[in-house]
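Okay, structure first, notes after.
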Protein chains: 2
Amino acid sequence: MIVIHSNIASKINEKVYKKDPLTSDLGKKILSGTIELMSEIGFEDFTFKKLSDSIASTEASIYRYFENKHNLLTYLTMWYWSWLQHKCAIKTINIESSEKRLENVIIALTEPVLLDEQFDYINEVKLHLIVITESSKVYHCKKVDRDNKEGFFLTYKELVEAVASIILEIDKDYQYPHMLVSTIIEGAHHQRFFAEHLPRLTDTHEGVDSVTLFFVQLIKSELKID
Amino acid sequence: MIVIHSNIASKINEKVYKKDPLTSDLGKKILSGTIELMSEIGFEDFTFKKLSDSIASTEASIYRYFENKHNLLTYLTMWYWSWLQHKCAIKTINIESSEKRLENVIIALTEPVLLDEQFDYINEVKLHLIVITESSKVYHCKKVDRDNKEGFFLTYKELVEAVASIILEIDKDYQYPHMLVSTIIEGAHHQRFFAEHLPRLTDTHEGVDSVTLFFVQLIKSELKID
DNA sequence: ACAAATATAATAGTAATACTATCAATATCG
DNA sequence: CGATATTGATAGTATTACTATTATATTTGT
């Protein structure tokens, strides 16, 4: 059961930051500045020095909010998973059919993000682009087990669990609900990256969103829907 | 058509290295030492200083072979794609049925690597573990377009193309052959990583290799095979 | 066998990064 | 209005990611 949380940031684990960035103007400027700068220069070239220059603050001030850039990226990624949870909840509300709810959720998980609407300190379009390219770095590192113990991946796990439970409504004996969901979520990011940078690794068709079409078709084939 | 290359390294683009590591003892020690050290401490903590200490050489000597650790990881990843190409070729030789060839290839692409057999300077088991955790970093970076122009991802593209062509033999109208293949290759890596570090994002079943079973079933469902 | 070329080791040095520490200025809060 | 917390300014350290130089060892060509 997906629960709607009006405050997306409230699900973010406290240990990922030293001081909650949403409690001050500087904190919010750190978030918006990071999204701006990191989407431009990428995670590797991103430094707290460059960030502080770009928002007219200082390195030391930023270190009061986040231990390092890795945790800052983790924060943004947690925010993104939490935001996707919310989006999925909205898209399934008041819909009876499990099949239809699943389809809506897969669309929500895989479609491009085109509008930057609700949050003054988070540009959702640019955050989505950062997530596509950089998010796997939050777990593809040696501190993954430590971070996992702290609960840094909980919003991701909850999201996968919520979608997996819809799958089990449709086929209670299906063997790989979590695998199928995480393959689709990660896969959609990969395919959008490939479409942009390594097109021979994917397939694009004129005038349609192949990524979403592919994954919707894939899950229906796998679950024998229609 | 998959062509069998007896020399896997011969497909590796020259621009990824400054001096071919296979032309000297030191070069081979750089490769084997990197696989050893990087599988232990991870890409981020890996430095040329630590590597040179571990193989009793010097930083400057290693810089004569590779510009930086990123290109060294790229070399190993290219080697891995090329090795998979070879593995797929072996597994499809003399098999008539397209369906059977596809199944064998999907198994080859997704199964765990358990034996370190053929190469004295490459430990295939440890290389596979490095690829699972680190390989996406070779393209998830700002120099991806430059590296792509140099041809650093050609062995990957050829691998995807070879499998895609089997899919088209089975269903010449199938719309997403490359997307399906790259989703499976990347997905298998992700699922193995999740099984090890974030098990709630995947599904494991006692005594069987769920990852391979899942992806074989997935491609058969999608292509309506059986 | 020996000169010439090449590869490696040893060492030094630089600019940038990833932090930590200190203290002054400023805003806020009771 | 005084106390407290926040930020800015500045400085400093260890490590990293390289480049450069020279000496020594090894290989190669004749």
Side-chain angles (χ1 to χ4, degrees), chain A residues 14-34 37-38 40-76 121 134 137-138 140-143 146-147, chain B residues 14-34 37-38 40-76 121 134 137-138 140-143 146-147:
Chain A
E14 296 190 352
K15 290 192 175 154
V16 79
Y17 48 73
K18 294 207 287 203
K19 177 174 156 62
D20 186 348
L22 295 185
T23 59
S24 73
D25 280 358
L26 178 61
K28 288 172 197 160
K29 264 167 58 185
I30 289 173
L31 298 182
S32 58
T34 297
L37 184 60
M38 201 181 283
E40 213 174 290
I41 66 175
F43 181 69
E44 276 72 32
D45 291 344
F46 176 90
T47 67
F48 279 4
K49 184 76 184 59
K50 288 175 189 167
L51 173 61
S52 60
D53 286 349
S54 82
I55 62 174
S57 180
T58 63
E59 233 184 320
S61 297
I62 292 164
Y63 274 104
R64 273 185 218 107
Y65 285 83
F66 291 97
E67 271 181 42
N68 48 51
K69 68 175 177 176
H70 186 267
N71 281 17
L72 175 46
L73 178 63
T74 303
Y75 180 98
L76 291 176
Y121 50 93
E134 320 289 2
K137 294 167 190 169
V138 310
H140 279 155
C141 66
K142 279 291 156 180
K143 74 197 256 291
R146 219 178 325 139
D147 284 359
Chain B
E14 297 190 351
K15 290 194 176 152
V16 79
Y17 49 72
K18 295 206 287 200
K19 177 175 154 63
D20 186 347
L22 295 185
T23 59
S24 73
D25 280 358
L26 178 60
K28 287 172 197 161
K29 262 167 61 185
I30 290 173
L31 297 182
S32 58
T34 298
L37 185 59
M38 200 181 285
E40 211 176 292
I41 66 175
F43 181 70
E44 276 71 31
D45 291 345
F46 176 91
T47 67
F48 278 3
K49 184 77 184 59
K50 288 176 188 167
L51 174 61
S52 60
D53 286 349
S54 82
I55 62 174
S57 180
T58 64
E59 234 184 322
S61 297
I62 292 165
Y63 274 104
R64 268 183 230 109
Y65 286 83
F66 291 98
E67 271 179 43
N68 48 51
K69 68 175 178 176
H70 186 269
N71 281 18
L72 176 45
L73 178 63
T74 303
Y75 180 98
L76 291 176
Y121 50 93
E134 319 290 1
K137 294 168 190 170
V138 309
H140 278 155
C141 66
K142 279 292 156 180
K143 73 198 257 294
R146 218 178 326 138
D147 284 359

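By convention in this document, chain letters (A, B, ...) are assigned in the order of the sequence lines, proteins followed by strands, and residues within each chain are numbered from 1.
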Look at the side-chain N and O atoms of A:Ser24 and state whether any lies under 4.0 Å from the OP1 or OP2 oxygen of D:dT6.
no
Options D:dA17, D:dT19, C:dA18, nucleotide nearest the side-chain atoms of B:Lys18:
D:dT19
Can you measure A:Leu26 atom CG to D:dG8 atom P for me and round it to whole angstrom units?
6 Å
Could you check whether any side-chain N or O of A:Lys49 sits under 3.5 Å from a backbone N or O of A:Glu59, counting only pairs where one atom can act as donor and the other as acceptor?
no
Considering only side-chain heavy atoms of B:Lys69, which listed nucleotide, C:dT17, D:dA17, D:dT7, is closest?
D:dA17
C:dT17, D:dT16, C:dA9: which one has an atom nearest the side-chain heavy atoms of B:Thr47?
D:dT16
dist A:Ile30:CD1 -> A:Tyr17:OH (nearest 0.5 Å) comes out at 13.5 Å
Which one, C:dC19, D:dC18, C:dT8, comes nearest to the side chain of B:Arg64?
C:dT8
Quick one: B:Asp25 CG to D:dA25 P, roughly how many Å, whole number?
18 Å
Rounded off to whole Å, could you give me the OH-to-P distance for the B:Tyr63 and C:dA12 pair?
18 Å
Nearest whole angstrom, please: distance from the P of D:dA17 to the CZ of B:Phe48.
9 Å
Between A:Tyr65 and A:Ser24, a side-chain donor and acceptor under 3.5 Å
yes
Among C:dT8, C:dT17, D:dC18, the nucleotide that comes nearest once only the side chain of B:Tyr65 is considered
C:dT8
With a 6.0 Å cut-off (strictly less than), is the heavy-atom count around NZ of B:Lys15, excluding the residue itself, greater than 12?
no
Please state how far atom NZ in B:Lys49 lies from atom P in C:dT17, giving the value in whole angstrom units.
22 Å
Length of the CD-P vector between A:Glu44 and D:dT16, whole Å
17 Å
Interatomic distance where CD belongs to B:Glu59 and P belongs to D:dT15 [whole Å]:
13 Å
Would you kindly give the OH-to-P distance between B:Tyr17 and C:dA7, to the nearest whole Å?
14 Å
Check every atom of C:dA9, D:dT6, C:dT17 against the side chain of A:Lys50 and return the nucleotide holding the closest atom.
C:dT17
Measure from the side-chain N and O atoms of B:Lys69 to the backbone N and O of B:Phe46, and report whether any donor-acceptor pair falls under 3.5 Å.
yes
Respond yes when some side-chain nitrogen or oxygen of A:Ser57 is under 4.0 Å from OP1 or OP2 of D:dG8, and no when none is.
yes
Is the distance from OP1 or OP2 of D:dG8 to the nearest side-chain N or O of A:Ser61 less than 4.0 Å?
yes
